[in-house]
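Here is the structure we will look at, set down as structure tokens.
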Amino acid sequence: MAVMDVLRQIEEKWRKAWEEARIFEADPDPNRKKCMVTFPFSYMNGPLHVGHGFTATRVDAYVRFKRMQGYNVLFPWAWHWTGETIAGASERIKDGDEEFIHALRDIDGVSEENLKKFVDPTYMASYYTKVSRKAVKRMGFSIDWRREFHTTSLCPTFSKFIEWQCERLHEKGYIVQGTYPVVWCPRCESPTGDHDRQVGEGVAPEEYVLMKFKMGDAYLPAATFRPETIYGVTNMWIHPDADYVKAQVNGEQWVISEIAANKLEEQKRKIAIISKFKGREIIGKHFVSPLNNRKMLVLPGWFVSPSNATGVVYSVPAHAPFDWVALRDLQGKPELLKEFGIDADSVKKIQPISMIRVDGFGEHPAVEMVERMGVKDQYDLKAEEATKLLYKKEFHSGVLKDICGEHSGKMVSEMKESLIQDFKEKGFADSMHDLPQPVVCRCLTPCVVKILEDQWFLKYSDEAWKEKAKEALSKASVYPKSAIQWFLNIIDWLREWPCARKTGLGTPLPWSPGWIVETLTDSTVYMAFYTINKHIKQYDIKAAQLSHEVFDYLFYGRGDVKKVAEKSRVNRQVLESMRSEFLYWYPLDLRVSAKELVPNHLTFFLFHHAALFPKHLPKAIGVNGVLSIEGKKMSKSKGNFVTLRSALDQYGADATRCALLLGGEGMGDPDWRSENVRDVRVKLKGFYNLANGVIETAREKKVGHLEEWLISVLQHRIKNVTENMEVLKTRTATENALFEVWNDFRWYARRKGKTDSKVLKHALETWVRLLAPFAPYVCEEIWNKIESDDFVSLAEWPRYDEQKVNLRAEEAESLIKNVLEDTSNILRATKMVPKKICYYSAAPWKWKAYLTALKKSTSAKITLNDLMKELMTHSDLKEMAKKVSKFARQIVDEANQMPDDKRNRLVKIESVDEHQTLREAESFFEGEFNAKIYVYGEEDPQRHDPKKKAELARPYRPAIYIE
RNA sequence: GCGGGGGUGUCCGAGUUAGGUCAAAGGAGACAGGCUUAGGACCUGUUGGCGUAGGCCUGCGUGGGUUCAAGUCCCACCCCCCGCACCA
């Protein structure tokens with residue numbers, strides 16, 4: 001039968017068997033230690049892919065491992081429907097977005113019939129939930145499905161839980177109202193996030209400082225990021241052909257571009273247009289500096305963009321390359337000024353005013369920069385680059401010169417904020433938000449910045465809350481440890497987080513109609529809901545019954561059960577059982593996610609647990625890398641998107657699981673390569689065959705050296721896999737459980753020449769259990785053939801048994817490996833075809849000297865002198881002092897440099913019977929080298945030793961002679 | 001820019017916390033042999049270079065340094081990936 005068929009049948013068989021036996025359903029059991037592990041519910045706007053599979057398989061492997069260790073393990077599952085994306089996807093289908101529909105049809109495998117129904121977001125979500133649930137089951141994840149749910153008001157009982165959660169946060173002052181600038185689509189009437197943009201990904205609103213220069217009865221609010229340069233102003237730039245307005249802005253008259261006036265209306269300004277005109281109409285007029293009433297000219301600047309901030313720009317030619325080039329353009333071409341009726345001389349007279357000192361530049365950095373880079377004129381693209389470079393330089397290392405009044409002598413980078421503050425207080429400055437680059441919504445509408453009022457925020461800026469989150473973090477184990485610093489940085493960096501939106505699926509904010517709880521907010525403490533959802537479903541408890549009092553009782557033990565039961569009409573015993581179930585399972589023992597959730601979900605998870613469940617803080621957090629596909633980032637549009645289902649169809653569950661697990665651990669990004677997965681599949685089939693062979697042929701009861709060796713090394717594998725699993729090093733664990741053990745078996749077979757030992761079958765029992773968390777299906781099948789009665793999924797995890805460790809057997813085996821290697825090496829170097837190979841084991845006195853040296857070097861480095869002194873206290877050695885001293889010279893360095901654990905091991909086992917060990921391996925060596933093997937003691941008078949090799953023998957290093 | 005993670009042999013990928021067992025696990029690929037004969041199957045071995053005796057040389061991003069000894073420690077530099085907010 002083909003590989004796939006056998007494995008597929010096995011999978012089907014055991015998936016059903018597990019389901020029927022309900023072995024993954026977990027109920028509280030006070031006699032057993034519990035372990036609750038979760039995987040973040042995934043968003044159902046598409047099918048699960050192998051990226052989900054990677055993290056989830058790590059979770060399941062851990063869960064299975066813990067279950068086998070005897071823990072009462074709960075692994076629940078749920079689905080995330082909250083947010084705008086599903087609704088947005090439906091919208092795109094309604095609009096007939098071909099590219100999008102194509103992706104759903106070809107990658108997700110959605111039928112035409114279903115596609116039509118996708119215009120209903122609820123249908124879409126439930127469709128993907130159904131498909132994904134099937135894939136999750138096929139993967140062999142050991143889930144208690146009785147606790148399953150999905151989010152949003154479409155699951156009213158869960159919605160009630162979210163309401164409760166929000167109320168409690170609100171009460172504690174962690175949800176507050178505030179006002180914030182956002183990128184806004186006027187057509188969609190909602191904020192436009194990065195993913196919803198056609199143009200302008202990554203563009204965020206920036207706050208421009210507006211320096212207000214008086215011009216007649218109005219102000220020219222010039223927009224800048226560098227308000228400190230006001231000390232170097234020489235003139236104003238206005239685009240002559242752009243549309244400007246004079247407008248009443250919050251009680252003042254401003255001259256700004258018409259576009260700017262519209263923008264300001266979205267930013268909480270009261271705007272009344274007084275007049276409209278082209279820019280040229282104010283060119284040639286004078287304005288004054290707010291600092292000292294210095295009079296300056298408004299000049300034509302064609303580089304000015306009316307759609308950037310106010311469309312009014314002040315000129316600092318000493319420090320701004322654009323300003324200098326534009327001024328130079330006018331000075332060099334007086335004819336440009338004619339049409340504006342400006343006197344060319346007065347423009348010629350304008351000199352750059354130097355006001356920042358910066359290393360590497362003289363008086364006028366902008367002038368130098370323009371010359372260095374050869375910027376031709378204000379239309380030259382290099383002007384932009386020059387501006388950026390100089391800005392950076394002056395910001396980081398610039399110092400304000402004496403003409404800057406009270407700010408003189410200060411570093412630009414250090415005084416900027418306080419200067420803005422100061423100017424605003426004095427009424428010289430104002431500000432506005434704008435986008436540094438154009439942003440266009442997916443609906444093709446250009447976006448603006450809108451100041452949103454009365455939004456609801458999670459107050460992550462709260463210092464006390466941050467402290468609690470950090471404490472929660474410090475109490476949790478984090479795997480890998482290197483993620484801790486990242487979490488700490490994120491906790492510090494987090495500020496207000498908008499926690500409600502106007503559109504999309506979700507739970508309405510209970511106290512503020514029209515707002516819907518945002519997706520990251522409703523996914524912070526929902527794991528607590530798993531503990532009680534079993535009862536909610538079992539007893540058909542309705543949402544209306546789940547009042548805040550009920551949750552308060554369940555989670556906090558607040559109130560009188562009798563009254564709570566009466567009021568909610570939930571049976572009292574049920575309530576009590578829910579309460580104790582929560583107390584049993586919570587806190588969470590482990591939550592694992594990909595690292596992309598560190599800056600948001602996982603940190604929020606900590607914050608919210610610290611706020612709502614301070615007595616039930618998560619015990620551990622696992623973070624892993626993000627899976628790529630054939631070396632590239634997974635993406636539907638690029639076509640390299642692998643759904644879990646397609647992986648299962650092609651490779652089966654065990655291979656998919658193992659390939660994912662072997663892909664990586666820690667924060668490194670694993671890679672999915674179909675070639676690899678195929679190889680893993682073949683490997684697993686090989687394992688299956690090997691195991692069957694061992695089971696069928698086992699009959700030899702005799703336990704010899706090699707059997708002892710195998711059982712001994714197996715102990716190290718057990719220890720290794722166990723220790724790595726404890727810290728979620730799933731890759732290392734899988735690698736050891738699959739390949740390293742395999743190699744042990746292989747070496748055994750090679751040495752022994754046959755595989756009919758019962759010990760081998762016994763070792764297989766251990767091996768199968770070690771591998772079961774990773775490849776549960778095939779292991780279940782083999783286990784069944786060995787044991788027949790129980791599930792390997794419930795079998796006892798192998799225990800490291802120090803009694804079974806046989807260091808002497810291990811050293812003896814490593815001696816054989818070394819001799820094998822040395823012999824091969826000699827054969828390679830000499831290109832001989834051996835007829836006869838002689839091995840000479842080291843003489844007893846050498847062993848004695850060797851062990852003396854090792855023991856002596858345990859505590860401190862030894863010298864040749866010291867060693868000799870000690871050796872000479874033995875009369876037998878003293879008789880052969882010359883030989884001994886020659887030998888001692890050889891071993892003193894070896895003893896000193898030997899790693900401690902190896903030295904300890906050798907000291908502990910005293911010595912191996914080298915001669916005997918080699919004798920026993922004679923037939924093995926004969927088979928390997930196809931030559932006659934002779935084993936002698938180095939001082940054996942009968943030895944065949946024409947080249948006098950025997951005396952070279954050292955402990956663990958027999959001398960070799962080949963002919 | 002800020003923050004996090006990385007750069008290892010043909011490729012993937014351990015090892016770096018505690019320097020020596022490291023020419024460097026394991027897997028893949030390649031090569032050779034077996035099996036058997038067309039199957040991308042299975043088993044075994046080899047896989048940095050050199051070498052007529054178990055050795056030597058070169059090597060873990062680059063350049064320095066510490067040490068008897070460095071992939072592992074210190075300093076400087078270069079390069080790659082990821083996150084940076086109203087979005088799941």
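Heavy-atom basis, side chains included; hydrogens, waters and symmetry copies ignored. Here is the naming used below: chain letters follow the sequence lines, and residue numbers restart at 1 for every chain.
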Step-by-step side-chain contact (heavy atoms from CB on, under 4.5 Å) determination, A/Thr830 to A/Ile962: CA-CA 10 Å; A/Thr830 60; A/Ile962 302 174; over 6 Å; no

A/Lys836 NZ: over 12 foreign heavy atoms closer than 6.0 Å: yes

Whole-Å gap separating P (B/G5) and CD (A/Gln485): 8 Å

Sugar-phosphate only, base, or nothing, as touched by A/Pro670 at under 4.0 Å among non-hydrogen atoms: nothing

Intra- and interstrand pairs of RNA chain B - dot-bracket, Watson-Crick/G-U under 3.5 Å, | marks other strand: ((((((((.[[[..)....(.....]]]((((((.......))))))(((....)))...[[[[[..)....]]]]])))))))....

Whole-Å C1' distance, B/A85 and B/C78: 32 Å

Sugar-phosphate only, base, or nothing, as touched by A/Arg828 at under 4.0 Å among non-hydrogen atoms: base

Any A/Thr519 side-chain nitrogen or oxygen under 4.0 Å from OP1 or OP2 of B/A88: yes

Touch class at under 4.0 angstrom, heavy-atom based, for A/Leu520 against every strand present: base

Residues, nucleotides or ligands: over 12 heavy atoms within 6.0 Å of A/Glu675 CD: no

A/Arg501 bridged to A/Glu518 by N-O distance under 4.0 Å: no

For atom CD1 of A/Ile516 and atom P of B/C86, their distance in whole Å: 18 Å

Rounded interatomic separation in angstrom, taking OH from A/Tyr128 and C1' from B/A88: 15 Å

Phosphate contact (B/U52 OP1 or OP2) by A/Lys831 side-chain N/O below 4.0 Å: yes

C1' gap between B/A70 and B/U8, integer Å: 14 Å

Rounded interatomic separation in angstrom, taking CG from A/Asp893 and C1' from B/C68: 9 Å

Separation between the C1' atoms of B/G63 and B/C79, rounded to whole Å: 15 Å

Sugar-phosphate, base or nothing in reach of A/Ala749, heavy atoms under 4.0 Å: nothing

Note, A/Trp515 side chain near A/Gln455 side chain (heavy atom, < 4.5 Å): yes

Short side-chain N/O contact from A/Lys729 to OP1 or OP2 of B/G15, under 4.0 Å: yes

Sugar-phosphate, base or nothing in reach of A/Gln455, heavy atoms under 4.0 Å: base

Between C1' of B/A53 and CZ of A/Arg957, the distance in whole Å: 11 Å

Rounded P spacing from B/C75 to B/A23 in Å: 27 Å

Phosphate OP1/OP2 of B/G13: any A/Arg673 side-chain N/O under 4.0 Å: no

Nearest-Å distance once atom C1' is located in both B/U72 and B/A18: 11 Å

Salt-bridge present (A/Glu810, A/Arg905; N to O < 4.0 Å): no

Aromatic plane relationship, A/Trp767 with A/Phe745 - under 30° parallel, 30 to 60° tilted, over 60° perpendicular: tilted

Lys/Arg cation over aromatic A/Trp747: A/Lys817, 6.0 Å, 45° cone: yes

From A/Glu723, A/Glu665, A/Glu740, residue fulfilling side chain to side chain donor-acceptor pair (under 3.5 Å) relative to A/Thr732: A/Glu665

Nucleotides 83-85 of chain B: which of its N/O atoms have a protein N/O under 3.5 Å away?
residue: B/A85; atom: N6; partner: A/Trp493; partner atom: O; Å: 3.3
residue: B/A85; atom: N6; partner: A/Arg495; partner atom: NH1; Å: 2.9
residue: B/A85; atom: N1; partner: A/Arg495; partner atom: N; Å: 3.2

Sugar-phosphate only, base, or nothing, as touched by A/Thr823 at under 4.0 Å among non-hydrogen atoms: nothing

Side chains of A/Pro946 and A/Tyr961 in contact at under 4.5 Å (non-hydrogen atoms): yes

Separation of B/G54 C1' from A/Phe929 CZ (nearest whole Å): 11 Å

Closest to side chain of A/Tyr43, choosing from B/G54, B/A88, B/A41: B/A88

Euclidean distance for P, B/G45 against B/A28 (whole angstrom): 13 Å

Pairwise 5' ranking along RNA chain B for A/Thr830 and A/Glu665, keeping only the more 5' one: A/Glu665

Charged tip of A/Lys949 within 45° of A/Tyr840 ring normal and under 6.0 Å: no

C1' atoms of B/C22 and B/G48, separation to the nearest Å: 14 Å

Inter-nucleotide P distance (B/A53, B/G39), Å rounded: 47 Å

Contact letters for nucleotides 19-36 of chain B, in which S counts primed atoms plus P, OP1 and OP2 and B counts the base, heavy atoms under 4.0 Å: -BB---BBSS--------

Salt-bridge present (A/Glu928, A/Arg750; N to O < 4.0 Å): yes

Sugar-phosphate only, base, or nothing, as touched by A/Ser824 at under 4.0 Å among non-hydrogen atoms: nothing

RNA chain B: 5'-proximal contact among A/Met667 and A/Asn825 (nearest heavy atom): A/Met667

Ring geometry between A/Tyr651 and A/Trp672 (parallel below 30°, tilted from 30 to 60°, perpendicular above 60°): perpendicular

Other residues, nucleotides, ligands: >12 heavy atoms within 6.0 Å of A/Lys502 NZ: yes

Touch class at under 4.0 angstrom, heavy-atom based, for A/Glu84 against every strand present: sugar-phosphate

Integer-rounded Å distance: B/G5 P and A/Ile484 CD1: 11 Å

For atom CZ of A/Phe745 and atom C1' of B/C43, their distance in whole Å: 17 Å

